[in-house]
Amino acid sequence: MTIHPQLTIPETIAAGPGPGNTDARVLARFASSGMADHMHPDVLRGMAECKEMLRDVMGTRNVYTFGVAGTGWSGLDMMFSAVMPGDSVVMFVNGTFSGIDGLTVRMKAATAEELAANSMDPQAASVTIINIPHGQSVTGEIVEAALVEHKPKWAAMAHWETGSGRINDIKGFSDACEKHGAMGLVDAVSSLGVEDFRIDDFPGVHGWASCPQKGICCLPLTYAPVSFTDHYIETLKATGTRTFVHHPILEARHWGIVGGEDVEKGTYHRTHSAYAVAAFHEALRITLQQGVAQRAKDYTFHEAALRDALNAMGCDITSNMTSLIVLDLPKDMAGREMELVQHCRAQNFGIWPTLSEPVQVRIGILNLLNQTAITDIAMRFAQAMRDLGAEVDQAAVDHALNRHYGTALAAE
Ligand SMILES: *Cc1c(COP(=O)(O)O)cnc(C)c1O
């Protein structure tokens, strides 16, 4: 028998695509919640209040708006649960995450024979995957053309593709879905809590799924926000789905949503953690106190500062998300992306490579919305490049940062 020593995990600079930096207030609520079971009145009240605040954060009147215990994929698994074997689906893929969404869809839509033929990577005849090259966005025209041709029951894409750092055209997607009678499903894992948008402005989209740990800043494994229109729920009710725990109608009951309406008290679906409910509740309060619009502005401002600093180091940025920068290194360092990322990570400076080809560097600023944090990231990255032998023009980097933050130039 081995009893390992107590586990210690160091504090890192979480400057990647996610998880983001959880607010100290969220951790404090997590750690100071009392032990209470999942039917305790205050836990149920907390869940009902979370549901209400989540509707404000997402900008929706969808009654079926709540959290799915777990990570982004838990919410996405629930969202895709309405896709049944043989259903026609068009899936737009422009990076790692929408690629996995595509695999999820093929697993759900595959017939029993198709699944058995290649169970880990089923080729479902009813699913069309539209591949958009890494580094490019899904445009309204691409969606329109595919939906005209295939007229699917479902269409799906990522709102913000975190693999390549690209924003996809959500309005074009929604419009095309409405026009061609497809029900839109959107992976909003990276955009919720970062961009200022209201899901009700996109009526072609019937299912949305996000995550706890990126824009919502609630890593202590809590809840993946989801929202479904009544049309989605009616469609699901008509076909059914083969999951108990991720069944949208069953899971909603614990959040006090029964028969399409808010009810006084949730009813048992599965055990919920008072700690998680308290943490999620505080994260939503913080989001609404700061305001979704103000937060979006802050991301835009600080991303621009870091972008300019990285440009001054000779990096070539190919992303357009405001929470994540995806870049190629200067020409004389091309091919050393992985080495550089590993060098940074070894110093607990937690940047990331891309997870699928081509290899690029990803630097995120989730909940790092201040001059000190952005300057620290820029300085560390510049130093890491020097450590690998690059020449970095420090004056140009300082100048770029100063232009955004308006501080006096360091003594020359
Ligand atoms: C991070 C991410 C996911 C996966 O979320 P987990 O919390 O790791 O389960 C899915 N889709 C997108 C677009 C993401 O950015």
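Owing to the predicted nature of the structure, the values given are computational and were not obtained by experimental measurement. Atoms within a ligand are numbered from 1 in the order they appear, just like the ligands themselves.
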- Contact (N/O only, under 3.5 Å) between Asp101 and ligand 1: no
- Using distance alone, decide if ligand 1 has a nitrogen or oxygen within less than 3.5 Å of any nitrogen or oxygen in Gly72. yes
- Item | Salt bridge Arg403-Asp308, side-chain N to carboxylate O under 4.0 Å |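 Between Asp308 and Arg403 there is a salt bridge, with a charged N closer than 4.0 Å to a carboxylate O.
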- Message: Less than 4.0 angstrom from a charged side-chain N to a carboxylate O is my criterion; do Glu114 and Arg106 meet it?
- Response: no
- Task: Report the nearest protein non-hydrogen atom to atom 11 (N) of ligand 1: residue, atom name, distance rounded to 0.1 Å.
- Result: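 Looking only at protein heavy atoms, the one closest to atom 11 (N) of ligand 1 is Asp187 OD2, 2.7 Å.
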- Query: In the protein, what heavy atom is nearest to atom 3 (C) of ligand 1, and what distance, to one decimal place, separates them?
  - Reply: Phe97 CD2, 3.5 Å
- Message: Once you measure the plane-to-plane angle for Phe301 and His404, does it fall in the parallel (<30°), tilted (30-60°) or perpendicular (>60°) bin?
- Response: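 Rings of Phe301 and His404: perpendicular, as their planes differ by over 60°.
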- Message: Parallel, tilted or perpendicular: which one describes the rings of Tyr275 and Phe30, with boundaries at 30° and 60°?
- Response: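 The rings of Tyr275 and Phe30 sit tilted, inter-plane angle from 30° to 60°.
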- Message: Please check if the number of heavy atoms outside Lys151 that lie under 6.0 Å from its NZ is greater than 12.
- Response: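 Buried by this count: over 12 neighbours within 6.0 Å.
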[X] neighbourhood, listing ligand 1 atoms whose heavy-atom distance to it stays under 4.0 Å:
X      : result
Thr162 : 12 (C), 13 (C), 14 (C), 15 (O)
Ser190 : 15 (O)
Trp160 : 13 (C)
Leu76  : 10 (C)

- Query: Who are the side chain to side chain donor-acceptor pair (under 3.5 Å) partners of His159, not counting sequence neighbours?
  - Reply: Ser191, Glu195
Counting only pairs under 3.5 Å, give me each side-chain donor-acceptor contact of residues 33-43, with atom names and distances, residues two or more places apart or in other chains.
from  : atom 1 : to    : atom 2 : distance (Å)
Asp37 : OD1    : Met39 : N      : 2.8
Asp37 : OD1    : His40 : N      : 3.0
His40 : ND1    : Asp42 : N      : 3.0
Asp42 : OD1    : Arg45 : NE     : 3.3
Asp42 : OD1    : Arg45 : NH2    : 3.2

- Item | Region of Thr71 engaging ligand 1 - heavy atom pairs below 4.0 Å | both
- Task: Give the contacting part of Gln213 toward ligand 1: side chain, backbone, both or neither, where contact means a heavy-atom distance below 4.0 Å.
- Result: side chain
- Item | Lys214 charged N/C atom sitting above Phe97 aromatic ring, 6.0 Å / 45° | yes
- Query: Out of Met157, Lys214, Met321, whose heavy atom sits nearest atom 14 (C) of ligand 1?
  - Reply: Lys214
- Task: Would you check whether Ile100 reaches within less than 4.0 Å of ligand 1, judged by its heavy atoms?
- Result: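 Heavy atoms of Ile100 never come under 4.0 Å of ligand 1.
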